[in-house]
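Order of listing sets the numbers, starting from 1, for every ligand and every atom in it.
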Amino acid sequence: MVPRCLLFIDTLQLATQAQKVQALVEREDLLQSLFRRMLPERCAALWALQPSTDRDESGPIMKRIRKNGLDMAEYTFSAINGPDKQYIALNEDISRANHSCRPNAKYTFHRPSFSSRLRAVRDIKAGEEICISYVPLNGPCAQRQGHLAPYGFNCSCAACADHTVSDERRARISISVVEDEKVPKRQEFERISEQIELLQREGLECLPVYFNNILYMLRLCAQVGEWAKLSTYNEKMMGLSPLFSDGMDEEQAEQLAFLGL
Ligand SMILES: [Zn+2]
């Protein structure tokens, strides 16, 4: 899915409340001037997005960015003058996706085409709602609800509804893949199998650590002779590689190239 990006604007990073209020007024003036140059159908699409209910100095366009803007924390772009900046994208379709702590899709930005993308991270059944995550997902339910507070809702996804089991499982997930050369490969195979199983049970296929575990697992499968599993994980990798290939380091890219992905 390659939806249209309506607006793409740098985030405000200011220290004091007074600076923020002044900057919001100035930002709305800038946004209004951009808005007047947009095609009529794009203006209508932007206006159709729901505004935030914040009682602050934000104007009508900024309120729509606050409610619907997608954080692009993973991406920085070099400014013509000054330091690199982080940006928010406002999209006609993706901005309407609801949150889940078990998201079945991931939002990415494709630099070469300068477009937003929404990709499935696992199989999605017919009629199933497509959800993305608005917040970091590694922590327990209470932490996620704290991150979600500014959005004005309590998440009631399956991980939050049954959070005792989910919290215990998420606590056992390592936030990064650490390869230990001294440990026997079979033991490493069992450890990484368990991590992948935990991530799948928690619906966390959107996390880079899931991708990194699969990548490591492909090597382990070959090393311990688990050929059937190698084929299964290879299939998963083929589905995931477009999602994460932008953020790969050189060694990972070489491994994918070796695998023909
Ligand atoms: Zn949730």
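Using a distance-only test at 3.5 Å, with no hydrogens or angles considered, no donor-acceptor pair links the side chain of Glu188 to the main chain of Lys185. The closest donor-acceptor contact from the side chain of Arg122 to the backbone of Pro103 lies under 3.5 Å. Between the side chain of Asn68 and the main chain of Arg64, a donor-acceptor pair closer than 3.5 Å is present.
Of the listed residues (Asn213, Val209, Val177), just one forms a side chain to side chain contact (heavy atoms under 4.5 Å, CB included) with Gln195, and that residue is Asn213.
When distances to the Zn ion (ligand 1) are checked against a cut-off of 2.8 Å, Cys157 contributes an N, O or S atom below that limit. Inclusion of Cys141 in the first shell of the Zn ion (ligand 1) is not supported: no N, O or S atom falls under 2.8 Å.
Rounding to 10 degrees, one finds that the Zn ion (ligand 1) sits at the corner of an angle of 120° between Cys155 SG and Cys160 SG.
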